[in-house]
Amino acid sequence: MQYQSQAVAKPYFIAAIGLFIGQIVFGLIMGLQYVIGDFLFPLIPFNVARMVHTNLLIVWLLFGFMGAAYYMVPEESETELFSPKLALALFWIFLVAGALTIVGYLFVPYATLAQMTGNDILATMGREFLEQPLPTKLGIVVVALAFLFNITMTVLKGRKTSISMVLLLGLWGLAVFFLFSFYNPHDLVKDKYYWWWVVHLWVEGVWELILGALLAFVLIKVTGVDREVIEKWLYVIITLTLVTGIIGTGHHYYWIGAPEYWQWWGSVFSALEPIPFFAMTVFAFNMVNRRRREHPNKAAVLWALGTGVMAFLGAGVWGFLHTLAPVNYYTHGSQITSTAPT
Amino acid sequence: MSGTFTKSMARNIFYGGTVFFFLLFLALTFDSHKEFPKRDNHQNLTPQVIAGKKIWETRNCIGCHTLLGEGAYFAPELGNVYPRRGADFIKGWIQAQPTGAPGRRQMPQFHLTDEELDNLVAFLKYTSEINTANWPPNIEG
């Protein structure tokens, strides 16, 4: 570690691993419930297990992103973190709020939870992945803004690299698009339309920017390839990501009451969505092949190579299989879509 | 990787491309809003339907069912359950849960009042009348 304040990333990663294990456990419970229908009923009904499972996923990913940013940004900016204390305080606030939310899901009937937490003031609950009670949603916004303040101030006082800029853009985008979780119109079509501005524009938009920035950072460290080259390709990849991914949102608008021209826009642009993942994979292998040193951290090298491959197979190939409207007509609402609606 | 394609060119293409396609997305969204009234069945968005949507949300129905294909795949699609089964069947079914049949998937008992049940049915009726471009392919959803 080059900077002392990078150490604040450690609790974030530990928490992320812990929450990931929780996600796996509840995933296994749900898997069993598919086979043994009444498994753990009525103690943990399927909808509760699923809510815990998917919300844990979102929270550990956010912990991972935040931890990675706290680790990366001091090195990129060549300065200590603006406020390590704020970072640590936010860690505990977020962890406790997250844990309380999960406890609420498990031990309070959902309708009662909604009543207790102000859902009558602003109804935002009961939509897939956005099940969090209002105080939790507000907490996510507060933590995200304080985190962004910390990271942005660090970048502003130090060296400003392209990798930092892309990371910041991704993280700010994440916070901005989450605000659509507060918009829940009575009109179901509009409800669904803007629900995707959180879900799709996260997964196939800003998260890929964050992933790209992390990957570029790791590649510079483990390969020693010139920063100019790596940053150039980072820009190329995220260009492909957003050019295809933003309009690619349309592949969710085929059957929810939106205009039918989305079948064309969605099919054409989302058919191109595997390209940035392919480019990411080729880029990572190229950089590792051209490496100027053998980095002792083999796990990091393997991650740099593997993450692109897995993203290409999972989101790219699997996504493409059922993204064209005529195919999607028969796969929509089926397990082909899996529980991850990319 | 040629020398003529520089980082600043890549950066400019990124910002230009992103802004262009985001604006295009906003334009399509704007146009979608003009089309929504023809398709979204908003004329039937009565206070009863709105109350029913809230029942739908606060019982986390989406945690097991799909609605217009979105949600969980543990229990049946409900976007077209109104024309498939009708109001009485839906109400009776909800009241009869859980079945308690060993080894079978169980739906919780939500203790909904008659009024709440009617609201929920109104919401499902409204949903079934949204123009979904003929999805799902058949009535069983």
Side-chain angles (χ1 to χ4, degrees), chain A residues 30 33-34 36-38 41-42 45-48 50-51 110-111 114-115 119 123 125-128 131 162 184 186-190 192-193 228-229 231-233 235-236 238-239 242-243 246-247 249-250 253-263 265 329-330 332-335 337 339 341, chain B residues 1 5-7 10-11 13-14 17-18 21-22 24-25 28-29 31-32 35-36 39-42 45 49-50 53-54 56-64 66-75 77 98 100-108 110 126-127 130-133 135-137 141:
Chain A
M30 290 156 65
Q33 285 175 333
Y34 269 105
I36 309 160
D38 56 357
F41 187 87
F46 182 87
N47 77 88
V48 173
R50 185 174 194 267
M51 193 159 56
Y110 194 68
Q115 221 162 27
N119 195 58
M125 291 171 69
R127 293 175 304 151
E128 199 184 2
E131 296 94 348
S162 297
N184 179 17
H186 300 311
D187 185 320
L188 187 65
V189 178
K190 289 178 191 160
K192 286 175 173 291
Y193 191 95
E228 283 294 298
V229 174
E231 290 184 335
K232 176 170 75 180
W233 287 103
Y235 277 126
V236 171
I238 59 175
T239 303
L242 294 186
V243 163
I246 294 173
I247 307 286
T249 314
Y253 293 163
Y254 301 161
W255 326 114
I256 63 165
E260 283 169 40
Y261 57 65
W262 281 111
Q263 292 179 24
W265 288 102
Y329 183 68
Y330 295 102
H332 182 62
S334 77
Q335 295 284 4
T337 320
T339 36
Chain B
M1 302 265 169
F5 182 60
T6 63
K7 186 175 101 179
R11 185 187 59 216
I13 293 170
F14 167 67
T18 302
F21 281 95
F22 193 72
L24 179 60
F25 185 57
L28 287 166
T29 296
D31 187 73
S32 293
E35 299 286 320
F36 282 149
R39 313 176 59 91
D40 66 1
N41 194 26
H42 68 107
L45 209 52
V49 170
I50 291 167
K53 183 168 186 274
K54 202 164 172 186
W56 167 269
E57 288 166 357
T58 55
R59 271 63 180 180
N60 196 29
C61 305
I62 204 90
C64 290
T66 49
L67 193 67
L68 306 187
E70 295 170 358
Y73 315 123
F74 192 68
E77 160 69 31
R104 301 299 298 265
R105 297 179 192 181
Q106 299 296 315
M107 174 168 158
F110 291 106
Y126 148 82
T127 303
I130 290 170
N131 182 345
T132 57
W135 192 91

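The chains referred to below are lettered A, B, ... by the order of the sequence lines, with proteins before strands, and numbering in each begins at 1. Quick note: numbers below take in every heavy atom, side chains included, and nothing from hydrogens, waters or symmetry partners. Since this is a predicted model, take the numbers as computed values, not measurements.
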Legend entry - Region of F25(B) in contact with chain A, defined by heavy-atom distances below 4.5 Å: both
Legend entry - Minimum side-chain heavy-atom gap E260(A)-R39(B) below 4.5 Å: yes
Inset, instruction - Count the heavy-atom pairs under 4.5 Å between each of L188(A), L242(A), I256(A) and chain B, then report the option with the highest count. - result: L188(A)
Inset, instruction - Heavy-atom distances under 4.5 Å only: say whether F110(B) touches chain A with side chain, backbone, both or neither. - result: neither
Legend entry - Close side-chain approach of H186(A) and H42(B), heavy atoms under 4.5 Å: no
Legend entry - Contact leader toward chain A among T132(B), L67(B), L28(B), V49(B), where contacts are heavy-atom pairs under 4.5 Å: L28(B)
Legend entry - Interchain contact, D31(B) with chain A, by part (heavy-atom threshold 4.5 Å): both
Legend entry - A101(B), part contacting chain A, at a heavy-atom distance under 4.5 Å: backbone
Inset, instruction - Could you check if a side-chain atom of R50(A) sits within less than 4.5 angstrom of a side-chain atom of E128(A), using non-hydrogen atoms only? - result: yes
Inset, instruction - Check whether any side-chain heavy atom of P136(B) sits under 4.5 Å from a side-chain heavy atom of W255(A), and report yes or no. - result: no
Inset, instruction - Output the option from V236(A), I238(A), N119(A), V48(A) having the highest count of non-hydrogen pairs under 4.5 Å with chain B. - result: I238(A)
Legend entry - 4.5 Å side-chain heavy-atom contact, I130(B) and V189(A): yes
Legend entry - Part of I62(B) within contact of chain A (heavy atom distance under 4.5 Å): both
Legend entry - chain B contact via P45(A) - side chain, backbone, both or neither, heavy atoms under 4.5 Å: side chain
Legend entry - chain B interface, residue from I247(A), T249(A), I36(A) that has the most non-hydrogen pairs under 4.5 Å: I247(A)
Inset, instruction - For residues F41(A) and P98(B), determine if any side-chain heavy atom of one lies less than 4.5 Å from a side-chain heavy atom of the other. - result: yes
Inset, instruction - Could you label the plane-to-plane angle of the F74(B) and F46(A) rings as parallel, tilted or perpendicular, counting under 30° as parallel and over 60° as perpendicular? - result: parallel
Inset, instruction - For F21(B) and I246(A), work out which heavy atoms get closest and say how close. - result: O-CG2, 3.9 Å
Legend entry - Within-4.5 Å side-chain heavy-atom neighbours: E131(A) and N60(B): yes
Legend entry - Leading residue by heavy atom contact count with chain B [cutoff under 4.5 Å; candidates K190(A), K192(A), Q33(A)]: K192(A)
Legend entry - Option that, when pairs with chain A are counted at under 4.5 Å, heavy atom only, ranks first among C61(B), P102(B), G63(B): G63(B)
Inset, instruction - Give the C-alpha distance, both sets of side-chain angles, the deciding distance and a yes or no for side-chain hydrogen bond (donor to acceptor under 3.5 Å, both in side chains) between S162(A) and K7(B). - result: CA-CA 10 Å; S162(A) 297; K7(B) 186 175 101 179; 3.2 Å; yes
Inset, instruction - Measure distances from R104(B) to the heavy atoms of chain A and classify the residue's part below 4.5 Å as side chain, backbone, both or neither. - result: backbone
Inset, instruction - Examine whether an atom of Q263(A) lies under 4.5 Å from a heavy atom of chain B, and if so say whether it belongs to the side chain, the backbone or both; otherwise answer neither. - result: side chain
Inset, instruction - Using a cut-off of under 4.5 Å on heavy-atom pairs, state which of T29(B), N131(B), L24(B), T66(B) scores highest against chain A. - result: T29(B)
Inset, instruction - Find the one option among Y261(A), Y110(A), Y329(A) whose heavy-atom pairs under 4.5 Å with chain B are most numerous. - result: Y329(A)
Legend entry - Proximal component of I13(B), with respect to chain A [non-hydrogen, under 4.5 Å]: both
Inset, instruction - Sort M125(A) into side chain, backbone, both or neither according to what part of it lies under 4.5 angstrom from a heavy atom of chain B. - result: backbone
Inset, instruction - Check whether E77(B) gets within reach of chain A through its side chain, its backbone, both or neither, counting any heavy atom under 4.5 Å. - result: neither
Inset, instruction - May I ask you to decide if the ring planes of Y253(A) and Y193(A) are parallel, tilted or perpendicular, using 30° and 60° as cut-offs? - result: parallel
Legend entry - Validation row: K53(B), N184(A) side chains within 4.5 angstrom (heavy atoms): yes
